[in-house]
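One structure is given here, and the rest of the page talks about it.
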Amino acid sequence: MNRSKSSWDKKVPQSLVTRTTRRSSTQSRRTGPAESQDAGPGPCAKQRRKQTHSALAQDLSQMSVSRLDSLPTSNGEVSRRGGPSPPAATSSSLGGLASVSRLVKLGRCKNVVVVAGAGISTASGIPDFRTPGTGLYANLEKYNIPYPEAIFNIDYFSNDPQPFFSLAKALYPGSHRPNYIHYFVRVLHNKGLLLRMYTQNIDGLEKLCGIPEDKLVEAHGSFDTAACHLCYTAYPADEAKRAIMSDNVPICTFCGATVKPDVVFFGEDLPQKYFLHTKDFPKADLLMIMGTSLQIEPFASLVNTVRSTVPRLLLNRHAVGPFQKVPLRRGDHVELGDLEDTVRRLSIMLGWNEEIEQLMRTQEAPIVPTFIGSLSANRGAPEPPCAMETTKSRPGGQRAAMSSGGEEETDSETDSKSSASSCQSN
């Protein structure tokens, strides 16, 4: 059976990369951050770039780090990288959000690249991976694995797939809805400003809120398709889901090895689409980083590949990666605190808040009346399994879609197909 494999079939040209796999922070990181690259050879091109960016450079002369008053002080606080948090720089009169919103309003940011991690989905009720106490990695004792990351290690999966399949029952997209942050990115697209969104998430909420497939790179794969982990033969995604949900192990019909959803494990190649970054990041004129610990390579190093004149805005609970440095690089801005609140403040500054809320009312509100109506009609009667499915949008796109709850990354677009096929699969 042929299959369009996103990472295994298509070989990346040698000039790009020989083989790029997902790595955790415990593995060797890149020897150094990628240098900023400016397009165009020769002294004339350099002169043109200087002229083009001179006005932008003026606007970027201010740097700021802001913390919400409700956050604890940095004394003794431990950052995600495990060391003491760096001292916070004093906020300038022009805060990071105000600086970036001003650039957007002036029309100087027309190719925005968004880099996102699990933190953008916590407002949807999905825990992230690394938050102490509440993160996924802090609550894996019941799976009896030697270390937390083993549950996403391809060699460990090959030896014992059951721990991942147990976890996958909670990770499957469909149980959660997009939140304000997802719709902020959707509005970026609606306004023609989104060049691309790069997400580590496998929860499918980006597509579910309406971000088109061609604007989205799911760097760590998704549940939309499934394949044999050994010979990569395609396997029907709905059958794989049915087997996993009923505590069975899906088996490859070709070689007899275990089938898994096309979520990228540590040690596996990244999807071919990931390599769009070689064109996107040099072209970006604003980089927004949201809800990520920047600890998984090579994804974490993407933030270092924009041009040195490009503003970078980190929206996060903690300073991470290159944003831990004091002083910050010229043009870097950091806003620390509750991510949804921070994105809402930025939206208000941009004048987009009402548009985002209206979009959410349009796409999310119909779910509630349907559910309430079914409750009043059945009064105490159990909800039919497929009734809930009719209220959910199914991910769309080139590959077969599936639904159920999600974790730290990714989803599919809303085409609102629904329950007929969902009821059959159940």
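Count residues from 1 along the sequence.
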Non-neighbouring partners of F165 that pass ring-ring contact (aromatic ring centres under 6.0 Å, His included), sequence neighbours left out: F157
Taking only residues two or more places apart in sequence or in another chain, which ones pass ring-ring contact (aromatic ring centres under 6.0 Å, His included) with Y183? none
With sequence neighbours left out, write down each residue that passes side-chain contact (heavy atoms from CB on, under 4.5 Å) with N111, or none if nothing qualifies.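 Once residues adjacent in sequence are excluded, the partners of N111 under the side-chain contact (heavy atoms from CB on, under 4.5 Å) criterion are L195, K283, D285.
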Among all residues two or more places apart in sequence or in another chain, which pass the side-chain contact (heavy atoms from CB on, under 4.5 Å) test with E239?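 With neighbours one apart ignored, the set is Y235, P236, R242.
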Residues in salt bridge (Lys or Arg N to Asp or Glu O under 4.0 Å) contact with [X], at least two apart in sequence or another chain:
{"X": "K191", "value": "E355"}
{"X": "E340", "value": "none"}
{"X": "E357", "value": "R344"}
{"X": "D155", "value": "none"}

Under the side-chain hydrogen bond (donor to acceptor under 3.5 Å, both in side chains) test, which residues partner [X], sequence neighbours left out?
{"X": "T122", "result": "none"}
{"X": "N248", "result": "S246"}
{"X": "S158", "result": "H229"}
{"X": "S101", "result": "none"}

In this structure, which one of R186, E206, E364 forms a side-chain contact (heavy atoms from CB on, under 4.5 Å) with P178? E364
For F281 together with Y198, are the ring centres under 6.0 Å from each other? yes
N-O pairing of D247 and K169 below 4.0 Å: yes
